[in-house]
Amino acid sequence: MKPSVCVIYTGGTIGMLPAVDGYRPAHGLRERIVAEIPRLSGAGMPRIEFVDFDQLIDSANAHPSHWNTIAKMIIDRYDLFAGFVVLHGTDTMAYTASALSFMLQGLGKPVIMTGSQIPLCEIRNDARDNLIASVLIAARGDIPEVCVCFGRYLLRGNRTVKANAFGLDAFDSPNCLPLADIGTGVRVHGERLLASPEKPMSLQMLGANVVTTLRLFPGISADATRNALDDPVRGAVLECYGAGTGPSEDDTLMAVFAHATERGVVIVAVTQCLTGSVTLETYAAGSALAQAGVIGGRDMTTEAALTKLRYLIDSGLAPAAVREMIARDLRGELTEER
Ligand code: ASP
């Protein structure tokens, strides 16, 4: 029997049509795909079923409620398909991929996120190739993770960042090698994949807890930082310098971090650098952050750290347990110290 793939269409450039104010998401993508790529339903191809968001979005409008909707669409159909393709805008795809990687606990099938930089409706586009590659990879059924398939690479979803607003290789996973190279064929690096889960699949939806991000810069105001960490914030990703340093001689700012962590706000440090990892103890200017209660997030992206924080807080863990789990590798999102 042919494998089956479920394609979930949320919006994004891939299915957009031009309007007076610029490209907008448009329904009817399935029909446009059938017309443009008739061989997608031909011999040797998997059976494809489409399911659309009622209200398609430019992913700039994505919200955790959309992550919940995608996750629910997957779990409701989990046993029926070999794998899933999620068509999504590129602007916030790294956030959605990261969030889904945590929410879909015990995932044992491929969830392949893709989109395009040029819509399918344009004569020259990357939508066609990204879609076909994603469907073929999802149909294999043997990649038990949330991935981003874009251009020449299949990447671990919770390691991705949107790295290019112009080029067709829009995504990068700076601290994690590609899971597959896409060229004249698809070369999957089996040894880089996550192990198949031992527990059955379950879903943790996200709630209304508030998490935020803060980016350090020379001259950052302690008052503005205090406001940013005020109630109802429960977790924050702090984008630090280099290997994990900050303005340690600003006692007022360090006290702001210390008071926030004492109140139970979990603050996770990641690096502003494009690659590399945070080790707060490397410099005195980082140890001060650790003393103020900030935890090192190792080589997690901001997107992964933010969605992981929300996931852990929403699972009802106390701040001490969240702090402990944040530095642990849950879904391949960080490189643990060896
Ligand atoms: N603004 C679009 C979106 O994120 C960009 C894209 O899909 O490439 O939905």
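Numbering of ligands and ligand atoms starts at 1, following listing order. Positions are given from 1, in the same order as the sequence printed here. Note that this is a predicted model, so its numbers are computed, not measured.
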Asker: Give the residue, atom name and distance (to 0.1 Å) of the protein heavy atom nearest atom 3 (C) of ligand 1.
Answerer: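 For atom 3 (C) of ligand 1, the nearest protein heavy atom is Asp58 OD1, 3.2 Å.
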Asker: Who's the nearest protein heavy-atom neighbour of atom 1 (N) of ligand 1, and how far?
Answerer: Asp91 OD2, 2.8 Å
Asker: Say whether, by atom type as modelled, one donor and one acceptor occur between the side chain of Asp169 and the main chain of Arg152 under 3.5 angstrom.
Answerer: yes
Asker: Taking the non-hydrogen atoms of Ser116, is any one of them nearer than 4.0 angstrom to ligand 1?
Answerer: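 Ser116: in contact with ligand 1 (<4.0 Å).
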Asker: Say whether Ser116 and Asn130, considering side chains only, have a donor N or O and an acceptor N or O under 3.5 Å apart.
Answerer: no
Asker: Suppose I only count heavy atoms of Gly12 and a 4.0 Å limit; which atoms of ligand 1 are within that range?
Answerer: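 Those qualifying, in numeric order: 7 (O), 9 (O).
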Asker: Against Glu333, only a single residue in Lys308, Arg159, Arg328 fulfils side chain to side chain donor-acceptor pair (under 3.5 Å); can you say which?
Answerer: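 Going through the options one by one, the only one that passes is Lys308.
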Asker: Who's closest to atom 9 (O) of ligand 1 heavy-atom-wise, of Pro119, Gly22, Gly11, Ser59?
Answerer: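 That would be Ser59.
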Asker: Quick check against the 3.5 Å criterion: does Gln117 have a side-chain atom that pairs as donor or acceptor with the backbone of Leu168?
Answerer: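 No: the side chain of Gln117 does not pair with the backbone of Leu168.
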Asker: Please confirm whether Lys162 comes within less than 3.5 Å of ligand 1 when only nitrogen or oxygen atoms on both sides are compared.
Answerer: no
Asker: Check Arg156 with Glu145, please: is the shortest side-chain N to carboxylate O separation under 4.0 Å?
Answerer: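 The answer is yes: the pair qualifies as a salt bridge.
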Asker: So, applying side chain to side chain donor-acceptor pair (under 3.5 Å) with His88, which one of Thr10, Thr13, Thr96 is it?
Answerer: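 The option that passes is Thr96.
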Asker: Can you tell me which residue and heavy atom of the protein come closest to atom 8 (O) of ligand 1, and the distance to 0.1 Å?
Answerer: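 Closest protein heavy atom to atom 8 (O) of ligand 1: Thr90 OG1, 2.5 Å.
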Asker: In terms of atom number and element, which parts of ligand 1 are under 4.0 angstrom from non-hydrogen atoms of Thr13?
Answerer: 2 (C), 5 (C), 6 (C), 7 (O), 8 (O)
